[in-house]
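Residue numbers count from 1 along this sequence.
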Amino acid sequence: MTSATNSGTDADLDLQREVEQELSWDPSVTPASIGVSAHHHAITLSGTVGLYSDRLAAVRAAKRVRGVQTIADDIVVEPSGSTARTDHDIAEHIEHALRWSSFTPGTIKATVRDGVVTLDGTTEFNYQRTAF
């Protein structure tokens, strides 16, 4: 596990160790790629992971630790291998899916940033909202 330097107090060091232990306990997290630092009940997570779900799992694990009040998520997602797609590639696929979906109205727009898709807009019915 990578530990970032800590400015601090014994309480900060204890909190940092507890978050590191929680990360190592969670099977959906690769703790060796995540750095942890603590300062006044604020945790900073840093490092690089291959999947967005790994980033989310690390943040969820840190939230489970008693005493953590805030989390700075500085984890970078860098897909590896041939499965890596650019934001442009993802946007093209999303545009295709939105155009061909009979359940999704034309009022839905997508934004892609750092491999994360955000959908905005309104739907008339709940099934339309959950269809995509």
Exercise for the section: Examine the side chains of E92 and H88 and answer whether a donor and an acceptor come within less than 3.5 Å of each other. Expected result: yes

Handout entry: CG-NE2 distance between D12 and H40, expressed to the nearest 0.5 angstrom
Key = 6.0 Å

Exercise for the section: Measure across S24 and P31 and return the closest heavy-atom pair with its distance rounded to 0.1 Å. Expected result: CA-CG, 3.8 Å

Exercise for the section: Provide the full list of side chain to side chain donor-acceptor pair (under 3.5 Å) pairs with a residue in residues 54-63, sequence neighbours left out, each pair given once. Expected result: R55-D73

Exercise for the section: Kindly determine whether V36 and L45 satisfy side chain to side chain contact (heavy atoms under 4.5 Å, CB included), including the steps that lead there. Expected result: CA-CA 5 Å; V36 178; L45 300 175; 3.9 Å; yes

Handout entry: Hphob cluster co-occupancy, L119 + V112, side-chain heavy atoms under 4.5 angstrom
Key = yes

Exercise for the section: Determine whether I34 and Y52 fall in the same hydrophobic cluster, where Ile, Leu, Val, Met, Phe, Trp and Tyr are linked whenever their side-chain heavy atoms lie under 4.5 Å apart. Expected result: yes

Exercise for the section: State, to 0.1 Å, how close V59 and I71 come at their nearest heavy-atom pair, and which atoms those are. Expected result: O-CD1, 3.8 Å

Handout entry: Heavy-atom side-chain proximity of V77 to D114 below 4.5 angstrom
Key = no

Handout entry: For the student: nearest non-hydrogen atoms of G115 and I90, plus distance
Key = CA-CD1, 3.8 Å

Exercise for the section: Determine, stepwise, if the pair Q16 / L13 fulfils side chain to side chain contact (heavy atoms under 4.5 Å, CB included). Expected result: CA-CA 5 Å; Q16 177 181 339; L13 292 172; 4.2 Å; yes

Completion exercise
Minimal heavy-atom distance between A110 and L98, with the atoms involved, is CB-CD1, 4.2 Å

Exercise for the section: Please assess V49 against T30 for the test side chain to side chain contact (heavy atoms under 4.5 Å, CB included), listing each intermediate value before the final yes or no. Expected result: CA-CA 8 Å; V49 296; T30 307; 6.0 Å; no

Practice task
Could you tell me the separation between the CG atom of D120 and the OG1 atom of T107, rounded to the nearest 0.5 Å?
Solution key: 10.5 Å

Handout entry: Heavy atoms of other groups near R66 CZ, more than 12 under 6.0 Å
Key = no

Problem - Shortest non-hydrogen contact from A62 toward V68 - result: O-CG2, 3.6 Å

Exercise for the section: Please list, chain by chain and in numerical order, all residues satisfying side chain to side chain contact (heavy atoms under 4.5 Å, CB included) with A61, sequence neighbours excluded. Expected result: E22, L23, D26, R64

Exercise for the section: Using the test side chain to side chain contact (heavy atoms under 4.5 Å, CB included), find all partners of S53 that sit at least two apart in sequence or belong to another chain. Expected result: L51

Handout entry: W25 with I43, same ILVMFWY side-chain cluster at under 4.5 Å
Key = no

